[in-house]
Amino acid sequence: MQTIPILADIHTHCIASGHGTRDTITEMAREAAKRSLRILGISDHAPAAPGAADNSYFRNLLLAPRKRFGISLLYGAELNILNEKGSVDLDDNLIQALDYAFVSIHPPTFRAGTVESNTNAYIHAMEHPGVRFLGHPDDGRFPVDYERLLSASRTNRVYPEINNASLMPDAYRTEGRRNSMQILTLCKKMRLPVLLSSDSHGKGHIGDMKYILPLLAECDFPRELIINHDADMLYRILKADG
């Protein structure tokens, strides 16, 4: 299998996300440097998640250092989609002030509905300024219409994530492999770029894409459609108007 250099990992969580994660941003950056990344993004859970940071934490990120241990640091948020209308748990002004945001569905903050209602929730959440990525849209507990979702993703320039944590043998999300393959197949057909993510809670899995790489090989996914293989593409997406 061909190796694909990964320059950035921007779906990671530090101690501010709770979940028993104890590593600070400094410790995360130090680990990213050891693993030869160039860019690390910290995207902690927004306030509606149990144990997550409050609004003041995300405001303070705007003043945080941009370089540590030679690593360029980005600061974002993983927003919780709260309902079918696509409401999220940070104000739009704060979301837009951050470098980027994921919109994700999590069981504590969203009750699973029909395929149509789950898809509507993602699509409406894309409309918030500063949202750039769909967080783990592979979760079988919240089924969606992938053709409709990814078509809206392309229109809104909000890009789907392929999440390594969803593919781990002990993953709590369901049907991760099947759904990730469907996303990759459709994105290849649509020429829609994807973001590869570790979703590392703490430093332990920063930059770890080992369960994603076999899927890319299996569907012969084009390297030029992998966002974090190309730092210039990543920065262009982050600077886009949405």
What distance do Ile39 atom CD1 and Leu74 atom CG have between them, rounded to the nearest 0.5 Å? 6.5 Å

Excluding sequence neighbours, so at least two apart, what forms side chain to side chain contact (heavy atoms under 4.5 Å, CB included) with Glu127? His124

For Arg173, the salt bridge (charged side-chain N to carboxylate O under 4.0 Å, His left out) test, sequence neighbours excluded, returns Asp199

Which residues pass the side chain to side chain contact (heavy atoms under 4.5 Å, CB included) test with Arg148, not counting sequence neighbours? Glu116, Thr119, Asn120, Ile123, Asp145

Search all heavy atoms of Lys188 against all heavy atoms of Cys219 and return the closest pair with its distance. NZ-O, 3.0 Å

Same hydrophobic cluster for Ile15 and Met28, using side-chain heavy-atom links shorter than 4.5 Å among ILVMFWY? no

Enumerate, atom names and distances included, each donor-acceptor pair closer than 3.5 Å involving a side-chain atom of residues 230-237, sequence neighbours excluded.
unit_1	atom_1	unit_2	atom_2	d
Asp230	OD1	Asp232	N	3.0
Asp230	OD1	Met233	N	3.2

To the nearest 0.5 Å, atom CG of Leu213 lies from atom CG of Asn164 at 8.0 Å

Quick check for you: to the nearest 0.5 Å, what is the distance between Asp138 atom CG and Gln182 atom CD? 11.5 Å

Hydrophobic clusters here meaning ILVMFWY residues chained together by side-chain heavy-atom distances under 4.5 Å, can you tell me if Leu150 and Met181 are in one? yes

Going by the salt bridge (Lys or Arg N to Asp or Glu O under 4.0 Å) test, which pairs reach into residues 65-88, not counting sequence neighbours? Arg66-Asp99

Examine Leu186 and Val194 and state if one hydrophobic cluster contains both, with Ile, Leu, Val, Met, Phe, Trp and Tyr joined whenever side-chain heavy atoms are less than 4.5 Å apart. yes

Check salt bridge (charged side-chain N to carboxylate O under 4.0 Å, His left out) between Arg59 and all other residues, then give those that pass, not counting sequence neighbours. none

For Glu218, check salt bridge (charged side-chain N to carboxylate O under 4.0 Å, His left out) against everything at least two apart and list the hits. Arg177

Which residues satisfy the ring-ring contact (aromatic ring centres under 6.0 Å, His included) test with His13, sequence neighbours excluded? His11, His45, His201

Working to the nearest 0.5 Å, report the span between CG of Leu195 and CZ of Phe102. 5.0 Å

Taking only residues at least two apart or on different chains, which pairs with a member in residues 51-77 satisfy ring-ring contact (aromatic ring centres under 6.0 Å, His included)? none

Restricting to pairs with a member in residues 9-29, which pass salt bridge (Lys or Arg N to Asp or Glu O under 4.0 Å), not counting sequence neighbours? none

Heavy atoms of other groups near Arg141 CZ, more than 12 under 6.0 Å: yes

Sequence neighbours left out, what passes salt bridge (charged side-chain N to carboxylate O under 4.0 Å, His left out) with Arg35? Give chain and number order. Glu31

If you look at every heavy atom in Pro160 and Cys187, which pair is closest and at what distance? CG-SG, 3.7 Å

Under the side chain to side chain contact (heavy atoms under 4.5 Å, CB included) test, residues paired with Asn60 that sit two or more places apart: none

Would you name the heavy atoms of Cys14 and Ile25 that are closest together and state the gap between them? SG-CG1, 3.8 Å

To the nearest 0.5 Å, atom CD1 of Ile10 lies from atom CZ of Arg132 at 10.5 Å

Out of curiosity, Met168 CE to Asn163 CG, how far, rounded to the nearest 0.5 Å? 8.5 Å

